[in-house]
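Notes follow once the structure below has been shown.
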Amino acid sequence: MRGGGALSVTITGTRFGDIEVAAEQVLDMPNGLVGIPGRRYALVGDADAPFRWLQSLDDPSFALPVTDPGRHDIEFSLDLGEDVPASELAACQVLVTVRAAERLEDFTVNLRAPIVVHEGSAWQVINQAEGAPLREPLFHGAPTPTSAAAAA
């Protein structure tokens, strides 16, 4: 990573090569991600895209796909217990990690441990909502090769 001035930094990563990251894309994760070293990340990709990347600034070889669960046809509710009222969460962006696979029907998202983003900081939290799974299928009803061939 090289300094690109106070407004941005340039990351030399293994996944995307050199990318310019604006200061507002940088997230401090005081508690990090479960099982992953480092605490500084950049949210990379178009904000309107269905998927973005959480790119580590501490380890440029690590990037994790994330998505806004509201952009997909999945049931999602976030409950952080009595300590965090729902009204406070309204000001936050919520992302979930994506587990990619060879087949679309095997893509999953982690609804049990979403990432809550607010004003340049982010926290991976434990969702206490009943039934929030660790691996929820992302593409419900995605066509399988068998069903696509049958429809033809």
Side-chain angles (χ1 to χ4, degrees), residues 1 9 11 13-17 19 21-151:
M1 178 173 56
V9 293
I11 304 169
T14 57
R15 183 171 307 273
F16 306 111
I19 56 173
V21 176
E24 59 270 8
Q25 292 174 275
V26 175
L27 300 174
D28 177 48
M29 296 187 76
N31 302 324
L33 289 167
V34 175
I36 310 292
R39 59 177 272 179
R40 293 178 346 112
Y41 291 85
L43 194 53
V44 178
D46 185 348
D48 294 327
F51 300 98
R52 297 174 79 187
W53 290 88
L54 201 55
Q55 170 67 58
S56 173
L57 299 179
D58 298 320
D59 178 1
S61 68
F62 180 77
L64 184 65
V66 294
T67 190
D68 175 343
R71 295 184 62 109
H72 303 277
D73 187 25
I74 55 176
E75 286 190 36
F76 177 75
S77 62
L78 180 58
D79 179 359
L80 297 180
E82 296 175 10
D83 294 337
V84 183
S87 60
E88 286 187 31
L89 287 174
C92 299
Q93 178 183 23
V94 178
L95 301 169
V96 293
T97 58
V98 176
R99 182 180 160 268
E102 286 188 29
R103 303 177 323 156
L104 277 179
E105 60 268 20
D106 294 333
F107 275 51
T108 61
V109 289
N110 181 346
L111 302 183
R112 175 56 81 192
I115 298 167
V116 176
V117 179
H118 185 66
E119 296 182 357
S121 294
W123 300 267
Q124 187 172 34
V125 297
I126 300 300
N127 187 357
Q128 297 176 28
E130 188 173 323
L134 190 60
R135 289 191 177 155
E136 172 72 14
L138 180 58
F139 300 110
H140 293 281
T144 62
T146 308
S147 65

In residues 126-136, what donor-acceptor pairs under 3.5 Å come from side-chain atoms, sequence neighbours left out?
residue : atom : partner : partner atom : Å
Asn127  : OD1  : Asp79   : N            : 3.0
Asn127  : OD1  : Ala129  : N            : 2.9
Asn127  : ND2  : Ser77   : O            : 2.9
Asn127  : ND2  : Leu111  : O            : 3.1
Glu136  : OE2  : His140  : NE2          : 3.0

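Residues satisfying the ring-ring contact (aromatic ring centres under 6.0 Å, His included) test with Trp123, not counting sequence neighbours, are none. For Asp73, there are no side-chain contact (heavy atoms from CB on, under 4.5 Å) partners, not counting sequence neighbours. Every residue meeting the side-chain contact (heavy atoms from CB on, under 4.5 Å) condition with Gln124, not counting sequence neighbours, appears here in chain and number order: Leu33, Val34, Ala113, Ile115. Residues passing the side-chain contact (heavy atoms from CB on, under 4.5 Å) test with Glu75: none are found, sequence neighbours excluded. By the side-chain hydrogen bond (donor to acceptor under 3.5 Å, both in side chains) test, Thr108 is found to be paired with no residue, residues two or more places apart in sequence or in another chain being considered. In terms of the ring-ring contact (aromatic ring centres under 6.0 Å, His included) criterion, residue partners of Phe107 (sequence neighbours excluded) are, by chain and number, Phe139.
Evaluation of the ring-ring contact (aromatic ring centres under 6.0 Å, His included) test over residues 22-54, restricted to residues two or more places apart or in two chains, returns Phe16-Trp53, Phe51-His72. Sorted by first and then second residue, the salt bridge (Lys or Arg N to Asp or Glu O under 4.0 Å) pairs involving residues 21-39 (not counting sequence neighbours) are Asp28-Arg39.
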Exercise for the section: Determine, step by step, whether Leu54 and Leu43 satisfy the side chain to side chain contact (heavy atoms under 4.5 Å, CB included) criterion, reporting the C-alpha distance in whole Å, the side-chain angles of both residues, the deciding distance to 0.1 Å, and the verdict. Expected result: CA-CA 5 Å; Leu54 201 55; Leu43 194 53; 4.2 Å; yes
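Heavy-atom minimum distance, Ile74 versus Pro137: CG2-O, 3.6 Å. Scanning all heavy atoms of the two residues, the minimum distance from Pro114 to Val94 falls at CB-CG1, 4.0 Å. Considering all non-hydrogen atoms of both residues, Ala101 and Asp106 come closest at CB-CB, 3.5 Å.
Taken to the nearest 0.5 Å, the OG1 atom of Thr97 stands 5.5 Å off from the CG atom of Leu64. If you take CD on Gln93 and CG on Leu27, they are separated by 8.5 Å, rounding to the nearest 0.5 Å. From Asp58, atom CG reaches atom CD1 of Ile36 across 12.0 Å, with rounding to the nearest 0.5 Å.
Put simply, the side chain of Gln55 gets close to the backbone of Phe62: a donor and an acceptor are under 3.5 Å apart.
Salt bridge status for Arg71 with Asp68: absent, with no side-chain N to carboxylate O gap under 4.0 Å.
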